[in-house]
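Written out below as structure tokens is the structure these notes cover.
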Amino acid sequence: MTSSTVVASSHTRTALRDPVLVLPFVVAAGLGIGWLGSDAKVSGTRVAVDLALAWALVGASLLALGRARWRRSRFLLIASAFALLAADLRWARADSLWTLGFLLELLWLALLVHFVLTFPDGRARSNPARVVIAGTYAAALGGLVVGALVDPRPRDVLGVAASERLTGAVDRTEGILGIAIAVAVVLLVARRLPLLQGAARRAQAPLLAAAALTVPTTLLWLVSVTVTGEGSPTLETIARGVGLLVPLGLVAGVTWSRMGRSEASELVVELQTEGAASLGERLARALGDPTLELAYRLDDGRYVDATGQPVELPQHPSRAVTPLTARGEEVAALVHDPALLDEPAVVESVRATVGLVLENERLAAEVRSQLAEVRASRARIVAATDAERRRIERNLHDGAQQRLVTLSIALGLEASRAHGAKPDVLSRAQDEVEEAIAELRELARGIHPTLLREEGLEAAVEALARRTPLPVIVEGSIGDRLPDAVELAAYFLVSEALTNVVKHASASEATVRLAREAGTLRVIVTDDGVGGARLAADSGLAGLRDRLEALDAQLLVESKPRHGTSINAEIPCGS
């Protein structure tokens, strides 16, 4: 996770943090290299190109000072500038300096490849990028070390096995590797460019596009190295000149980012605009980051979204977290693309502005979170009640009911063997036991119907219809089984509705309709009775309404006098 306060005004001014302090050194080193080039009769164009490229790289790093996330990339730019000047030590008269320049000839290119593939935070984004970076350093350093050991030129102080044939082979191998690396860089950049959006596109796209444009001339130079073994000095100078596009691309990205910033006044208008869009959506629009999320911080330290659902702040470099405060206390956090940290001024404007509207939003989110907890608690209570119902029903069925059945059978057997007045007494006792068994079964069915558990809602509702002392028509189908809580709520709704029809409606018939569509179970119970029913606070339907609301269901009762009653429930069932 990248955490930021988006304040970039107080950096410690040390050489390790601030490229400004290395500017005098790179200028002095460039002037020294320019003097060596003049002394060695090197083309003025080549000297000018190398100095321009080195100083442009350091200048570009200066422009990125206000962006803390670019720190590693700034170091790579500075290192590539000094490596470029170090490679020009081949213009020196001393053989040891010439050899050092030979060994560092391609290091600046490797550093630039590293910079491009890890821009802006200095971290490679994929395993292929890591492989290309490692291969670039291996070719730039390892290849030249091997080349120095076999180079036949007398100025090479490391030459221990001079061989023109081996030198040519090393040069061709380096050229082939360089071509492969250049192609890989283009492919990686081309894959990354379309993925950029918002602030990331403004800051990074110009540099990546510029890097891709430098590849053709570099490829031409590498091909010449591969074919001739030496390469064309003119092509090398042109390739270095085209390399100026890289620091210029960085400058263009910074400029584009600044031009794309909204003014603070525009942000105030945007954030305070009322409408269908949530505050999070308005912030995303203001900051140009469609992936932005807003998490509200509760008093207990938890975070929730606008609906009150719990949110975990990400712990991954691909997302950044910026705290938002009101009256000195954190009230929310922005979860966003780390690229927004590259535009600290605009994020700071939002931080200063959003406090005007954020506190009310946070309180609303906290209320929603509490409501969600109440719903969850009520659902747990309903689930626990249903589980207890099932346990009691099983105990009655497997315990008391079975013992009464056994007793009834025993009484019947005794009555068949008894004489005199005993059979009549035993038969009456058996009848009483049979009646107790029937009442016990009815009680168990009311607690938790066995048929519902074993065969499902449709079978249980049809059994209810058959037991109701008036004609009941059951229509519709629900297909597969539903969650236990849904089936039980629907069953009790139908049972209570039919009980009310029998007791109060004076109806001649009733209808039960079951339908399942779009993840919702619809249960409708209608009758042709006297109507006038209502949801009284102590009625059975009121209790069922509470049960249904625990499942996020809706209950609607329509009952006009003399026009019958219709009870309509919509219960989410998940599929």
Side-chain angles (χ1 to χ4, degrees), residues 382 385-386 389 393 438-439 441-573:
V382 170
T385 302
D386 291 344
R389 283 174 175 272
E393 185 271 333
E439 291 177 355
R441 284 174 176 164
E442 189 65 28
L443 174 63
R445 187 183 300 114
I447 293 173
H448 191 287
T450 303
L451 188 62
L452 176 67
R453 183 179 70 246
E454 294 177 350
E455 299 187 28
L457 181 61
E458 289 185 36
V461 169
E462 289 172 356
L464 270 178
R466 288 193 297 270
R467 293 198 303 271
T468 303
L470 59 82
V472 177
I473 302 171
V474 179
E475 300 177 344
S477 175
I478 61 174
D480 298 334
R481 294 294 299 269
L482 297 171
D484 290 344
V486 173
E487 288 191 339
L488 201 58
Y491 174 84
F492 284 130
L493 173 67
V494 174
S495 176
E496 182 67 25
L498 292 180
T499 299
N500 289 342
V501 170
V502 173
K503 289 183 177 180
H504 309 296
S506 301
S508 60
E509 66 174 10
T511 301
V512 178
R513 296 184 181 88
L514 302 175
R516 181 181 183 178
E517 55 185 19
T520 300
L521 171 65
R522 174 170 290 183
V523 182
I524 304 174
V525 182
T526 58
D527 65 67
D528 59 356
V530 297
R534 59 189 181 87
L535 279 170
D538 56 349
S539 67
L541 282 177
L544 285 174
R545 179 184 58 189
D546 294 339
R547 168 186 282 272
L548 290 171
E549 287 178 351
L551 300 175
D552 288 332
Q554 297 179 350
L555 179 64
L556 177 64
V557 178
E558 295 181 0
S559 185
K560 297 180 180 179
R562 297 183 300 279
H563 288 82
T565 299
S566 174
I567 299 175
N568 189 337
E570 294 184 357
I571 310 173
C573 57

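Predicted, not measured: the structure shown is a model, and the values here were computed from it.
Residues S559 and G532 share a closest heavy-atom pair of OG-N, 2.8 Å. The nearest pair of heavy atoms linking S477 to G479 is OG-N, 3.5 Å. Nearest heavy-atom pair across A497 and V525 is CB-CG1, 3.7 Å. Nearest heavy-atom pair, L470 versus S508, reported as atom, atom and distance to 0.1 Å: CB-O, 4.4 Å. Considering all non-hydrogen atoms of both residues, D528 and A507 come closest at OD1-CB, 3.2 Å. In this structure, A533 and V557 approach most closely via the heavy-atom pair O-CG1, 4.5 Å.
The number of heavy atoms from other shown groups lying within 6.0 Å of NE2 (H563) does not exceed 12.
If you take CG on L488 and CG on L493, they are separated by 11.5 Å, rounding to the nearest 0.5 Å. Note that CG of L521 is 6.5 Å distant from CG of L457, once rounded to the nearest 0.5 Å. Atom SG of C573 is separated from atom CD of E517 by 10.0 Å, given to the nearest 0.5 angstrom. Between T499 atom OG1 and H504 atom NE2 the span is 9.0 Å, to the nearest 0.5 Å. Taken from CD1 in I571 to CD in E487, the straight-line distance is 10.5 Å, to the nearest 0.5 Å.
Contact of the L555 side chain with the I567 side chain is registered, since non-hydrogen atoms from C-beta on lie closer than 4.5 Å. The closest side-chain heavy-atom distance from E458 to L514 is below 4.5 Å. Side chains of I473 and R513 form no contact here, defined as non-hydrogen atoms less than 4.5 Å apart.
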| said: Determine whether K560 and T565 satisfy the following criterion, side-chain contact (heavy atoms from CB on, under 4.5 Å), listing intermediate values before the conclusion. | reply: CA-CA 7 Å; K560 297 180 180 179; T565 299; over 6 Å; no
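The closest donor-acceptor contact from the side chain of E475 to the backbone of T511 lies at 3.5 Å or more, if one exists at all. Panel note: side chain T468, backbone L464; a donor-acceptor pair is recorded below 3.5 Å. Although no hydrogens or angles enter the test, the distance criterion places no donor-acceptor pair under 3.5 Å between the side chain of E570 and the main chain of Q554.
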